[in-house]
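Note sheet for the following structure.
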Amino acid sequence: MDQNLQTLEFHKIIESLTEYANSGRAKEMIRNLEPFLSELELRKNLSDTTQARQMLDKIGTPPLPAMENVEILLEKAVRYELLAPEELEQMGTFLAAVKRMKGYLERGKAYRISLAYYEENLEPLDAVQEELSRCVRYGQIDDHASATLYGLRREIRRLEEKIREKAEGLLRSQRKYMSEAFIVSRNGRICLPVKKDYKARVEGSVIDKSASGTTFFIEPAGVAKHREEKEALEMEEDNETRRIIYMLIDQIAESEEDFRQNIQMLVKLDYIFAKGKLSADMDAVEPGINTAGHLQLKGGRHPLLKREECVPLDFEMGNGRKGIIITGPNTGGKTVAIKTVGLFAVMACCGLHLPCREADICMNNQTLCDIGDGQNIADNLSTFSSHISNVLRILRKATKESLVIMDELGSGTDPTEGMGIAIAILEQLRLSGCLFLVTTHYPEVKAYAARHEEIVNARMEFDRENLKPLYRMEIGKSGDSCALYIAKRLGMPGNMLFTAAKEAYGEVKEGLREELELEEGVWLEKESAPSIRRIRKTGTQPSAAIFTRGDSVTVLPDGVIGIVVTPEDERGNVLVQVKGEKMTVNQKRLKLKVAASELYPEDYDFSIIFDTVENRKARHKMEKGYQGDLMVPADR
């Protein structure tokens, strides 16, 4: 199915429609249903739907057969292949259904419904149907299909009874030779269960023996004689049955053209009545059709929404209104509204009725849609990229006979640039001459519409008191998102609303100030909140180091300059080197002059400053390996 129709959820309408059809071929016709481009074809199909609805309302549901396998069986009959009795019975049942359907349509003529005259194209083939009904019953060739067959089967039954009587008489008379008190069937033959030791005493043929070998199953000679007679009769019966079957096949094959016409007509009626049933289920009406680019709905209900939850839509475009731009708050029903219009246009152009009070729909050569974010993770397209790709595809295809529907025009990107792109798209749609219906939040787009008489603003109504969308469209009025008003109702204070309005509109006009009842002096009330409880520092707890190794410091009160060798310990004492001598000084007597990070590179070797030449040489030797006679004092 075309992606645009999929977007409008037309496939769900098709799924519902197929459920009303009986035959596989009618269901296939429904699945292939697409908008008609021929006005003549469309009007004919709409008329069929309307007449089917009239027949349903006045006469009830038609007795349409499922017709499963009828075409296959007809093909076999034409090729003169053998049909089983139950298959012949199916063909007879089909012809009986044709006759019932013909009678149903006959009743429709009394109401002057044109569809009822299709009955003239149905040929019930009474003679063939009666012969099939006479010869085949319950999946078997009936005894009375021919006098010969009746005589043969009667004689076969007589012999079967004679065989049983003969066997049971021998069972009673030779009871002492039997291992059981009843006759048995082995390999299709009536046998006596004879004890092993007495098998020579019973005249006949051994057919089988028990697993233990103690019992032999013997067909008595007298029984065998009657069985042979019966088998000869059964061969004659089989030949007569085949003769009757081929006689019936021949009648079906000779009526091939009428069978095919019946199948074709019933499939068509099945398809038409499925549309009528959908119309009845939706409480729908036949829409008017025009080619003048005019589209009007009164009380339109989206067919996929529950009727009790659906707010009827009134809508009109065309007659100079080429484009409609719908604005209004989120969840206000904009998307449902445009999808309803698009879906109704497609349904009407497919010859279907619409769930509304009244409708007049223009024919469109294509319905093009951009609804939903369309993000494709597999193709790594962002929402905005996907929208633009789809919009460009639509703009390339759109003609003056097209209907274009776009949701949230220019969304998904920087608002300023998105607004510009939205207007550029609208201009291209306007120049193409198509009918277009779009939704947006941009106020500049509303202003653009006001500059072109063929473009009209519309809005979805909103109950500001109860903060609820009303899902009703007002054409000729522009809406807003109601964001400031909703924020006001939800408790946003005046100073915040004032700031928001000023940022949104540049200046806060008196009308907006009055509408929002702005009070600039009202600030946001802060609520009490819990505080973080920090750990209190004690003398025994380590604190962050004030000085680091290599810092240049001033030692007070003398004012001499030194270099930090070791940062302060837990008592606050720092090891400082002053003029080559190391001394311990409390951190309170030190003042940072230049930090080590500003004096030395990050990986500087401070042993150059703090170690003697001898210690440095010793350390160098020890880095090469163990030196038993060397000792180097640790840094202090």
Open item on the list: Please determine whether the number of non-hydrogen atoms from other residues, nucleotides or ligands lying under 6.0 Å from atom CZ of Arg79 exceeds 12.
Closed with: yes

- [ ] Compare every heavy atom of Met347 with every heavy atom of Pro355, then report the nearest pair and how far apart it is.
- [x] CD-CE, 4.5 Å

Open item on the list: Testing the basics here: between Phe273 and Met55, what is the closest heavy-atom pair and its distance to 0.1 Å?
Closed with: CE2-CB, 3.8 Å

Open item on the list: Looking at Glu160 and Arg164, is any side-chain nitrogen of the basic one under 4.0 Å from a carboxylate oxygen of the acidic one?
Closed with: no

Open item on the list: Taking the basic N atoms (NZ, or NE/NH1/NH2) and the acidic carboxylate oxygens, is any pair closer than 4.0 Å for Lys298 and Asp314?
Closed with: no

Task: Lys/Arg N to Asp/Glu carboxylate O, Lys44 vs Glu41, below 4.0 Å - done: no

TODO: Determine, for Glu219 against Lys225, whether the closest basic-nitrogen to carboxylate-oxygen distance falls under 4.0 angstrom.
DONE: no

TODO: Taking atom NZ of Lys166 as the centre, report whether more than 12 heavy atoms of other residues, nucleotides or ligands fall under 6.0 Å from it.
DONE: no

Task: Side-chain ion pair, Arg134 and Glu131, N-O less than 4.0 Å - done: yes

- [ ] Would you name the heavy atoms of Asn45 and Lys275 that are closest together and state the gap between them?
- [x] O-NZ, 3.3 Å

- [ ] Step through it carefully: locate the ring centre of Phe344, locate the ring centre of Phe315, and say whether they are under 6.0 Å apart.
- [x] no

Open item on the list: Can you tell whether the side chains of Glu308 and Lys306 come within less than 4.0 Å, N to carboxylate O?
Closed with: no

Open item on the list: Consider side-chain contact (heavy atoms from CB on, under 4.5 Å). Of Thr439, Ile326, Leu437, which one does Asp407 pass it with?
Closed with: Thr439

Task: Ionic contact status for Glu28 with Arg31, cut-off 4.0 Å - done: yes

- [ ] State whether Asp283 and Arg307 are salt-bridged, where the test is any N-O pair (Lys NZ or Arg NE/NH1/NH2 against Asp/Glu carboxylate O) under 4.0 Å.
- [x] yes

Result block: side-chain N/O donor-acceptor pairs under 3.5 angstrom for residues 95-103, not counting sequence neighbours:
unit_1: Lys102; atom_1: NZ; unit_2: Glu119; atom_2: O; d: 2.7
unit_1: Lys102; atom_1: NZ; unit_2: Glu119; atom_2: OE1; d: 2.7
unit_1: Lys102; atom_1: NZ; unit_2: Leu122; atom_2: O; d: 3.1

Task: Ion pair check, Lys277 and Glu19, cut-off under 4.0 Å - done: no

